[in-house]
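Below, read A as the first sequence line, B as the second, and so on, with proteins coming before strands; counting in each chain starts at 1. Computed from a predicted model, the values in this text were never measured in an experiment.
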Amino acid sequence: MRQYLLAFSVVVAFADCRRVGKASQGGDASTSIPLPDGSTLTQSVVLDSIGQCALSGYRDFAKAAAELEKRTAAAETDPNLRPAARVAWNDAIDLWEKLEVFQFGPAASSTLAGGKDMREHIYSWPLGARCVIEQGIVAKAYDKPDFSDSLVATRGLWAAEYTLFYEGSDNGCSSISAINANGTWAALGTGEIVTRKASYARAVAKDVRARADALVGFWDPASGNFLAQLTGAGAGSTTYASHGTAFNAITDAMFYIEHATKDAKLAKPIGLQSCTTGTCPEAVESPFAHRSKQHLANNLRGFRMLFFGCGPTTIAFDDLLAELGKQDLADALDNDSLAAIAAVEAIQPDDLALAVVQSPAATKAAYDAIKKVTDRLKGEFVMVLDLELPKLVEGDND
Amino acid sequence: MRARFLLLVGLVTAARAEEKEADTVVVGGTRASRAGGSAHVVGKDQLERFRYDNPEKVVTQVPGVYARGEDGWGLRPNIAMRGTNPDRSKKVTLMEDGVLFGPAPYSAPAAYYFPLVGRMQSVRVFKGPGAIVYGPQTVAGAIDFITRDIPEGFHASADMGFGLYGYRKAHVVASGATDRWGFLVEAMNLGTSGFKEIDTRPNADTGFVRNELMIKGRYVPDPEDPAMHQLDAKIGYSDESSNETYLGLSDDDFRNAPLRRYQATTLDHMRWHRTQLVFSHRFRPVRNLEIKTTIYRHDLHRIWRKVNGFEGVALETVLDDPTSARNRVFYEVLTGKQDSFGTSTLLLIGPNDRTFVSQGAQTVANLTTKTGPIAHKMEYGLRLHYDEIVRKHTQDQFALIGGSPVPVGSPTQLTADNTASTIAVAFHAVDAMSWGRFALSPGLRIESVSGRYVDRLTQQGWNTNNVAILPGVGAYVETIKNLGLLAGIHRGFSPPIPDTRSARPEESINVEAGARYDGKLGRLELIGYLNEYSNITTVCTASSGCLSSNLDRQLDGGAARIWGLEAFGRTAPKVGSFSFPLRVGYTLTIGEFLSDFSSADPVWGNVKAGDEIPYLPISQITSSAGIETKTWGLNAGGTYVGDMREKPGQGIVEQRDLTDAYFDLDASAFFKVGSHVTFYVNGRNLLNQAAIVGRRPFGARPLAPIGVQAGVTLHL
């Protein structure tokens, strides 16, 4: 078991109180800090704020997922409406990329406390089984009742991206694969492939919408009320036995920008990690919709939501740092993360797969800017809050 | 009956009626039968009763010694003593005939080589204070495998055995000796086709073949010379070819078919060979002083090609919960339900190529003298040792097509290219003083360890230096005839490896106390111990499931406490021509971490103060009983091992983090025809327990299933 934020409760209890917050729930009397407005800053308050932010994000995404379902259904019957479906996918994925950093609670792996695998069901990247999807297109797997139980790598927003955006009539299976060896893929013909991809996208979008609704349901105080599990950490929560375990789950999720955003999504394509050919543009996150650059920026925006709060006055980790007398660290992370977003947005051309080849200086600058943020997280932030790095980050050698 | 009051620092114990060789064991300047402390000998008689090939089954007959199973044959045993980490027996001082046999005992203590225990004539186990005499690992203890002596006269023997799962054994020995010279040639071939079945390839060989050759020579220039100069040489060759893997099963798969192996392991194969040279000179310059000097060199080269993991996830993560949405993707690829797709689901397979050298010179002087009424048995030892390991680890990407690995042709990944070496100077001195009913034996060991590490991948390198002064003392008093009380305290030490810059050694204060009866009725012993660690350490290895980026790093665990009780009883009453040998051992072990920390070694992971230390069975019971005459015998032996946590923690343990408790029942029978021929039959795991004995490195591993072996020995 991990030790988390032991110092948190101690330091918070004795820290100089300067922050005006919006405390809505009480917490441990021993760790509550009276605030000038009469409310108190407690660990439960911080958890509640983060939980509210997550739930708000999930609700927004659920609306986008419903729109995606509607647009893909329309595009299935009228191919001319496919551009609108693509716009709906863009809107949905833009929201979800922000929520990638919120992989705690029901969004997290079922191997973790409170996890329901919802993130994997909604967006399985980097697991995307193009060949298996194409086998499913041949077999019309999308029309079968057990489609929602198929591998996550064949569903979710990744599968939606492929089926909505990839216009080639080839497939990603080997020559010995049954659909090629038996000629069943080629037998479909270009027109039928387009039609079936549209049907596949419709089925995937329907599943994504259902998963998004389920995720909201897990969190919603009116149904699953995971929010209470989070805010009740250490005080009756059956998921988190202590504030420390809850905060640790959140900060583990925060390090997504280290192992996923910085390393898998950027360092690998630009050739800094796990790439033996100078650059690896084929490793970008969004090879069909070409939104890899936007995904990087949205991950960083999601990090800012988690770290600085969903709104200008919401309580989050920056407030905690301020209470600990580390306003300078909070300010540095604020500036660095804004600079990282700016560096990502400055990448041209817009398609990251092209940029890593054509604009190596810009992509490297973006990498360096993100690394500046993650280095602060792994260094001073971890030390100040007495955190422990998640496994995926421990193994990093950069 | 003369008084047997002994003392000493970490030394040994009593004689056993049916194990006469124990009387001749000399440890720390005194005979084992007259020493105090905690030490045991598994003698020739006990070894021949069961004819074990698995060293784990031999050493766990001694209380305080445990083993975490892995391959079922004990090819690379994971032996622990008094609560140490069992991984590759790295926390135990391992010796053959008093010489360190680990591939690189200081630089890389994981014992990827183990001698064939079927060749041994006895196995000596020294725990607690007794370990000071040996080292470098003094926290837990030492095991010394004693090879066959050169007997007087001319002898030859052969042992041929066969059994289930393609088991076969051929063991021949020939020797001759006069009072001036002697020789012994011993060769052993041991093999099996394996008890595991690879998916869709049920006839695939999952076993191993091991060969060992030992040639001993002895020369006494002048048998009449009072100085008794004697030169000895031992030359050895060993090799192994085994289709072993690091990959086990998910729990569900294990419960359905514990002997199953996934197809992904088809290419897994270990190959190594080892040479051994040992030369020694022994003489007595004066009547009460004997000096033995030994020089040795061991070379080992091994290549283990095996499944390391997926590109996108660690194998243990997949097998830990193959039903989660993400893990299910990899699990279906692993089991052949789904072909690899994309980079994440490519499998990484590659050889860890390692070359080891271990060489040195050691001198031990035994002096007996008297100071007034006090008798002294003193031992002084000095060892200059050098060892090194050269690692070159590579891996390639394979797609799993229908569960079988197919190379994708991507460039080979070089994951490790480094050399670690150590020069160590060790000195020890023990004075076993006895006076009347009392005995006291203060001792001291000094280890000076200088390491060098060069990483050719990162172009980094550094030197390390550590000096450890390890005092200890043991005491013994005979309260009534043949019944004595003993106590000891010593400083435990495990040297840091050179791979980790500024690594701290493992250090502890160890105390033990107990009582022992050793007389005509046999031996009865109860010892309690407490090991208080100021810093408990581990070394990250592939066998413990570490990420490649963390391999061979030493990791600190801070303060820890391990305590336990060890009870042992042995007797062999005779009724007429019948003998009834009986041995029983019980071990209680409690271990906990005393500080919070996070470790990159998954065996530890994230630890909180108060968490129980993993891989410690709270209770372990070993026993054997039989009936024997001069011409035949029947024996049964059983080991109960309690369940063990696989991760640190407190309170209720999830089943997936717990090994199974099991009772491993063996039996044996022999029948002699004349004085030259003996037939035997051995039964292993007769209850066919299908227990999960561990989940390291990746996934559940079984106890070897029921087995029957039969053979014949010829003695000339």
Original post:
Do the ring planes of A:Tyr142 and A:Tyr200 sit parallel (below 30°), tilted (30 to 60°) or perpendicular (above 60°)?
Top reply: perpendicular
**OP:** Heavy atoms only: give me the nearest A:Ser124-A:Val152 pair and the separation to one decimal.
**Re:** OG-O, 3.3 Å
Original post:
Any salt bridge (charged side-chain N to carboxylate O under 4.0 Å, His left out) pairs touching residues 330-351 of chain B, not counting sequence neighbours?
Top reply: B:Arg328-B:Glu332
Original post:
Among all residues two or more places apart in sequence or in another chain, which pass the side chain to side chain donor-acceptor pair (under 3.5 Å) test with B:Asp321?
Top reply: B:Thr323
Subject >> Per-residue contact mode, B:Gln338 against chain A (heavy atom under 4.5 angstrom) >> reply: side chain
Original post:
So, the side chain of B:Asn327 versus the backbone of B:Thr317: is there a donor-acceptor pair under 3.5 Å, distance only?
Top reply: yes
**OP:** Say whether, by atom type as modelled, one donor and one acceptor occur between the side chain of A:Ser237 and the main chain of A:Tyr240 under 3.5 angstrom.
**Re:** yes
Original post:
What residues of residues 203-214 of chain A sit under 4.5 Å from chain B when you count only heavy atoms?
Top reply: none
**OP:** Can you label the angle between the B:Phe597 ring and the B:Phe593 ring as parallel, tilted or perpendicular, going by 30° and 60°?
**Re:** perpendicular
Original post:
Among residues 127-135 of chain A, which ones touch chain B with a heavy-atom distance under 4.5 Å?
Top reply: A:Leu127, A:Gly128, A:Ala129, A:Val132, A:Gln135
Original post:
Under a 4.5 Å heavy-atom cut-off, does chain A meet the side chain of B:Thr343, its backbone, both or neither?
Top reply: side chain
**OP:** Could you check A:Tyr58 against A:Leu99 for side chain to side chain contact (heavy atoms under 4.5 Å, CB included), going step by step and ending with a plain yes or no?
**Re:** CA-CA 8 Å; A:Tyr58 296 143; A:Leu99 296 171; 3.7 Å; yes
Original post:
Aromatic ring centroids of B:Tyr615 and B:Trp604 under 6.0 Å?
Top reply: no
Original post:
Checking side chain to side chain contact (heavy atoms under 4.5 Å, CB included) for the pair A:Asp117/A:Ser109: CA distance, chi angles, key distance, verdict?
Top reply: CA-CA 4 Å; A:Asp117 285 330; A:Ser109 167; 3.9 Å; yes
Subject >> Proximal component of A:Thr276, with respect to chain B [non-hydrogen, under 4.5 Å] >> reply: side chain
**OP:** Please determine if B:Arg695 and B:Glu316 form a salt bridge, counting it only when a charged side-chain N lies under 4.0 Å from a carboxylate O.
**Re:** no
